[in-house]
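In what follows, a structure is listed as structure tokens, so that the remarks can point back to it.
Start at 1 and go down the list; that is how both ligands and their atoms are numbered.
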Amino acid sequence: MKSVEQHISDLLGLVAVAEPIELDLLQAHGTVLAEPVVSPVSLPGFDNSSMDGYAVHAADLAGATADAPTRLRVVADIPAGDADPTAIRPGLCARIMTGAPMPEGADAVVPVEWTDGGTVEVAIDRPAREGAFVRRSGEDVREGATVLGAGVRIGSGEMGVLAAVGRRTVPVRPRPRVVVLSTGEELVEPGRPLGPGQIYESNSYMLAAAARDEGCEVYRHGFVGDDPVTVWDTLEDLLVRADVVVTTGGVSMGAYDVVKEVLSSKGTVEFTQVAMQPGKPQGFGTIGPDDTPILTLPGNPVSAFVSFHLFVRPVLRRLRGLPTTPLPSVRARLATPVGSPRDRRSYLRAVLSDPTALDPVPSVAPAVRQGSHQLSALAEANGLLVVPEEVTELAAGDLVEVLVLPEH
Ligand SMILES: Nc1nc2c(c(=O)[nH]1)N[C@H]1C(S)=C(S)[C@@H](COP(=O)(O)OP(=O)(O)OC[C@H]3O[C@@H](n4cnc5c(N)ncnc54)[C@H](O)[C@@H]3O)O[C@H]1N2
Ligand code: MOO
Ligand SMILES: [Mg+2]
């Protein structure tokens with residue numbers, strides 16, 4: 001059997017980082033910058049007030065006290081957005097608002113709380129330090145400075161920075177278009193009546209959500225039955241929408257394991273067994289005229305879920321221009337004993353007490369139901385407890401490795 005690491009490395013060989021496109025700022029949310037962004041402006045763009053108050057000459061207030069406030073004539077009113085504020089000569093001041101440009105001459109701002117709030121003349125009850133409450137041009141970002149590097153994912157913080165430096169569009173890696181297709185004669189669309197021997201189709205919904213969480217555009221085709229011609233025709237039709245195809249089901253040893261049957265005969269998809277539990281039967285390769293990458297995941301829902309986080313995620317991240325590092329892992333103390341098959345690495349669904357707490361060591365509780373068909377533990381699991389290949393038993397209190405699942 002193949003190792004998990006070898007399989008990931010084989011999969012990454014199928015894909016390269018996508019060519020950049022220019023996207024409108026808001027559309028670029030969750031995508032990755034293809035080039036560094038250089039600011040064409042300084043931030044702040046001009047000296048401005050950080051308080052609602054009075055723009056003054058600090059030297060005028062040297063003797064100001066609560067008992068003997070200094071009185072200054074107010075000669076201007078400067079709101080934010082004022083294009084040409086009146087210059088202020090010594091002995092005079094201007095009312096000024098937060099974000100308004102500092103008038104020429106003034107070198108400090110006194111917050112309104114330290115004054116009587118006068119609009120013709122103002123009494124100020126304490127001295128001001130030169131530069132007090134003045135936000136200096138360029139103190140945050142200098143014109144020409146690189147504000148974000150290539151490879152940065154655009155989240156809300158980055159979005160704010162990009163807009164603040166005036167970007168309307170940005171060069172990013174396009175969201176990978178992922179086509180999700182389930183196979184199985186027994187499957188029924190949720191919402192329809194179930195017949196004998198039938199089950200609701202859940203894998204394509206789960207994988208569509210997971211791929212969306214990974215910043216992809218998803219086309220969920222739903223499912224097809226176990227008919228080879230239908231499976232191939234459907235896949236061919238879907239290729240036009242796909243940068244990656246993900247299928248589930250039909251890859252094991254069964255007489256009707258149709259994905260394996262159909263794709264093996266094309267010779268471009270390899271079926272293999274990975275030394276893990278769940279997720280042992282896997283297939284990968286390319287199909288169609290453009291050699292579109294395809295990952296064929298096992299049909300058991302838990303196997304498909306684990307396969308997504310271990311195998312599909314790095315492929316999507318490579319396309320997106322992100323590092324393909326595995327899920328982050330933490331050491332945790334095992335709450336209850338677990339068993340695991342020899343020679344296969346187990347990934348048990350588990351609840352980690354606090355994935356960010358390093359000290360004290362977080363505790364990890366493996367779900368009670370660990371069967372590949374037992375979906376119920378997936379919803380609350382925030383970690384995958386790793387039991388190494390050579391280990392068959394772990395006791396409560398043992399220190400174990402847990403992969404931290406992204407919010408899902
Ligand atoms: N003789 C052997 N049998 C099996 C082996 C093996 O090594 N020898 N491996 C087992 C393992 S491990 C897995 S995992 C599964 C993989 O099965 P397939 O990928 O072929 O998937 P199916 O046979 O189509 O379905 C398996 C199981 O999952 C349910 N399923 C499938 N698709 C969906 C879906 N979209 N939504 C919900 N549930 C789904 C399906 O009803 C089956 O119960 O093979 C084992 N067998
Ligand atoms: O290896 Mo299968 O993927 O047990 O469930
Ligand atoms: Mg099967």
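Ionic pairing of E5 and R345 is present here: one or more N-O contacts between side-chain nitrogen and carboxylate oxygen are shorter than 4.0 angstrom.
In terms of polar-atom proximity, V251 is counted as a contact of ligand 1, with an N or O under 3.5 Å from an N or O of the ligand. Polar contact with ligand 1: absent for L297 (N/O pair, distance under 3.5 Å).
With a 4.5 Å cut-off on side-chain heavy atoms, M206 and L378 count as touching. P298 has its side chain out of reach of S252: every pair of non-hydrogen atoms, C-beta onward, lies at least 4.5 Å apart.
Nearest approach of Y54 to G117, heavy atoms of both residues: OH-C, 3.0 Å. Residues L405 and A381 come closest through the heavy atom pair CD1-O, 3.8 Å.
In L187, the part holding a heavy atom less than 4.0 Å from any atom of ligand 1 is the side chain. Under 4.0 angstrom from ligand 1, there are no non-hydrogen atoms of F223. Looking at H373 against ligand 1, nothing comes within 4.0 Å, counting heavy atoms. Here D257 has side-chain heavy atoms under 4.0 Å from ligand 1, and that is the only part of it that gets that close. Residue contacts with ligand 1 for P301 involve side-chain atoms from C-beta outward but no N, CA, C or O (heavy atoms, distance under 4.0 Å).
For R89, the CZ atom is loosely surrounded, since the number of other residues' heavy atoms within 6.0 Å does not exceed 12. Around atom OH of Y256, no more than 12 heavy atoms belonging to other residues, nucleotides or ligands sit under 6.0 Å away. The number of heavy atoms from other shown groups lying within 6.0 Å of CD (E104) does not exceed 12. By the 6.0 Å contact criterion, CD on E389 is enclosed, its count of non-hydrogen atoms from other residues, nucleotides or ligands being greater than 12. Within a 6.0 Å sphere centred on CD of E189, heavy atoms belonging to other residues, nucleotides or ligands number more than 12.
Contact analysis puts G250 in contact with ligand 1, with a non-hydrogen atom separation below 4.0 angstrom. Put simply, part of R344 is less than 4.0 Å from ligand 2, judged by heavy atoms. Within the structure, the closest approach of G254 to ligand 1 does not fall below 4.0 Å when heavy atoms are considered.
When only non-hydrogen protein atoms are considered, atom 41 (O) of ligand 1 lies nearest to E186 OE2, 2.6 Å. In terms of protein heavy atoms, atom 4 (O) of ligand 2 is closest to S372 OG, 2.9 Å. For atom 12 (S) of ligand 1, the closest non-hydrogen atom of the protein is P281 CD, 4.0 Å. Looking only at heavy atoms of the protein, atom 3 (O) of ligand 2 is closest to G279 N, 2.4 Å. The protein heavy atom nearest to atom 43 (O) of ligand 1 is N300 OD1, 4.0 Å.
The minimum distance between the Mg ion (ligand 3) and any N, O or S atom of D257 involves atom OD1.
Each of the atoms 35 (N) of ligand 1 lies under 4.0 Å from some heavy atom of S182. Near S303, the atoms of ligand 1 lying under 4.0 angstrom from a non-hydrogen atom of the residue are 14 (S). Against a heavy-atom cut-off of under 4.0 Å, I199 is close to the following atoms of ligand 1: 37 (C), 38 (N), 39 (C), 41 (O). Close contacts of ligand 2 with N300, meaning ligand atoms under 4.0 Å from a residue heavy atom, involve 5 (O). Close contacts between ligand 2 and K280 involve ligand atoms 1 (O), 3 (O) [criterion: under 4.0 Å to a heavy atom]. Per-residue contacts place Y200 under 4.0 angstrom from the following atoms of ligand 1 (heavy atoms of the residue considered): 37 (C). Interface atoms of ligand 2 facing Q277, defined by a heavy-atom separation under 4.0 Å, are 1 (O), 4 (O). Atom numbering of ligand 2 starts at 1 in the shown order; those under 4.0 Å from a heavy atom of S303 are 2 (Mo), 3 (O), 5 (O).
Nearest-residue assignment for atom 1 (N) of ligand 1 (options K280, E185, M253, R344; heavy-atom criterion): M253. Distances from atom 4 (C) of ligand 1 to the heavy atoms of S252, G299, S202 show the closest one on S252. Ranked by closest heavy atom to atom 34 (C) of ligand 1, the top entry among N203, V259, D226 is N203. Distances from atom 35 (N) of ligand 1 to the heavy atoms of Q273, Q198, E201 put E201 nearest.
Test R153, R313, R175 against E214 for salt bridge (charged side-chain N to carboxylate O under 4.0 Å, His left out) and you get one pass: R313.
A donor atom on one side chain and an acceptor atom on the other are found under 3.5 Å apart for T248 and S182. Looking at R344 and Q277, their side chains do bring a donor and an acceptor atom within 3.5 Å of each other.
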Step-by-step side chain to side chain donor-acceptor pair (under 3.5 Å) determination, D47 to S137: CA-CA 5 Å; D47 291 356; S137 171; 4.8 Å; no

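By the 6.0 Å and 45° rule, R177 does not stack over the aromatic ring of Y219.
The CG atom of L207 sits 6.0 Å away from atom CG of L297, with the distance rounded to the nearest 0.5 Å.
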